[in-house]
Protein chains: 2
Amino acid sequence: MNALTALSDPTRLRIVELLAEDERTAGEIASHFPTSRPGISRHLRVLREQGLVQARGEGRRRIYSLDPEPLAQLDAWLARYRGFWANRLDALETEIRRRRRH
Amino acid sequence: MNALTALSDPTRLRIVELLAEDERTAGEIASHFPTSRPGISRHLRVLREQGLVQARGEGRRRIYSLDPEPLAQLDAWLARYRGFWANRLDALETEIRRRRRH
DNA sequence: AAGTTATGTAACTGTCAAGTTACGCTTTCA
DNA sequence: TGAAAGCGTAACTTGACAGTTACATAACTT
């Protein structure tokens, strides 16, 4: 559940939200925060290491995009406990999900 | 998204999993970890403060149980991005969810 | 070629949180 | 009633991490 540790920082959480909208360069991302650019660079590194984002180089800039895999994992983890706050519609969701697992 | 910070610690994550099975006393919980009992006590405090667990006193012991609310919130947050790893069945889920919001 | 832009890394600092031991309080039991 | 059981809090230590400034590198631009 590495997504949890990566997302526990509010800045990184926000970065993920930004990248969910659209991919962005490191600079664009940094411009959304009061934090210095190197600081953001390190956050991006953490997100990369945890597999939450991917970076591809394009000329002198690096374009970051979201990699949903860890989020999907987190979602799967949560699904196990979804019964706790379930109502009928949620039960249906769970059923769908269970069935898809084949 | 306070669940994220609370669950970023692996011990606390495990505690939540334990309490998802069944409610337990502080001592029972602590017995599952190498950490000292006071250490666990502090983790429980964090979980309490973030609303993830509830404690009720029963004689000289405290019985902890899971409060799913923050997990439900986290689930709702994730739902916004579920499209990223979606297939058709997931799209149906989203639709259900959206509709329930009334 | 020289300067500027885009980005990452290095080294340092300060804060916070998780761990420990020692202690205190309340409840049970012999 | 005194001892033990069950928990929590206090005070301290230590390690991790987010933030900063300074520097390095690579790629456009003129």
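Order of the sequence lines fixes the chain letters, A, B, ..., with proteins taken first and strands second; residue numbering starts at 1 for each chain.
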* Asked: Is the closest side-chain heavy-atom distance between B/Val46 and B/Thr5 below 4.5 Å?
  -> no
* Asked: About how many Å separate CD of B/Glu23 and CD1 of B/Ile29, when rounded to the nearest 0.5 Å?
  -> 10.0 Å
* Measure the CD-CG distance between A/Gln73 and A/Leu78 for me, rounded to the nearest 0.5 Å. => 12.5 Å
* Base, sugar-phosphate, or nothing for A/Ser41, non-hydrogen atoms under 4.0 angstrom? -> base
* Asked: Is there a donor-acceptor pair under 3.5 Å between the side chain of B/Arg12 and the backbone N or O of B/Leu7?
  -> no
* Asked: Can you name the residues that form a side chain to side chain contact (heavy atoms under 4.5 Å, CB included) with A/Thr11, not counting sequence neighbours?
  -> A/Asp9, A/Ile15, A/Phe33, A/Ile40, A/His43
* **Sugar-phosphate, base or nothing in reach of B/Thr35, heavy atoms under 4.0 Å** => sugar-phosphate
* Asked: Is any side-chain heavy atom of B/Leu66 closer than 4.5 Å to a side-chain heavy atom of A/Phe84?
  -> yes
* Asked: Which residues in residues 3-33 of chain A have at least one heavy atom lying under 4.0 Å from any atom of DNA chain C?
  -> A/Thr25, A/Ala26, A/Gly27
* Side chains of B/Thr25 and B/Tyr64 in contact at under 4.5 Å (non-hydrogen atoms) -> no
* Asked: Of the residues in residues 43-66 of chain A, which ones touch DNA chain D at a heavy-atom distance under 4.0 Å?
  -> A/His43, A/Gly59, A/Arg60
* Structure fact -> Between the CZ atom in A/Arg56 and the OG atom in A/Ser65, the distance rounded to the nearest 0.5 Å is 6.5 Å
* **side chain to side chain contact (heavy atoms under 4.5 Å, CB included) partners of B/Arg45, counting only residues at least two apart** => B/Arg42, B/Arg48, B/Glu49
* Asked: 5' to 3' on DNA chain C, which nucleotides open and close the contacts with chain B (atom under 4.0 Å from a heavy atom)?
  -> C/dA18 to C/dT28
* **Candidate list B/Leu47, B/Val53, B/Leu52, test side-chain contact (heavy atoms from CB on, under 4.5 Å), partner B/Leu19, passing option** => B/Val53
* Asked: Is a salt bridge present between A/Arg80 and A/Asp75, judged by a nitrogen-to-oxygen distance below 4.0 Å?
  -> no
* **Lys/Arg N to Asp/Glu carboxylate O, A/Glu58 vs A/Arg61, below 4.0 Å** => no
* Calculate, to the nearest 0.5 Å, the distance between atoms CG and CZ belonging to A/Leu44 and A/Arg37 respectively. => 9.0 Å
* Under a criterion of less than 4.0 angstrom to any heavy atom of chain B, what are the 5'-terminal and 3'-terminal contacting nucleotides of DNA chain D? -> D/dA5 to D/dA11
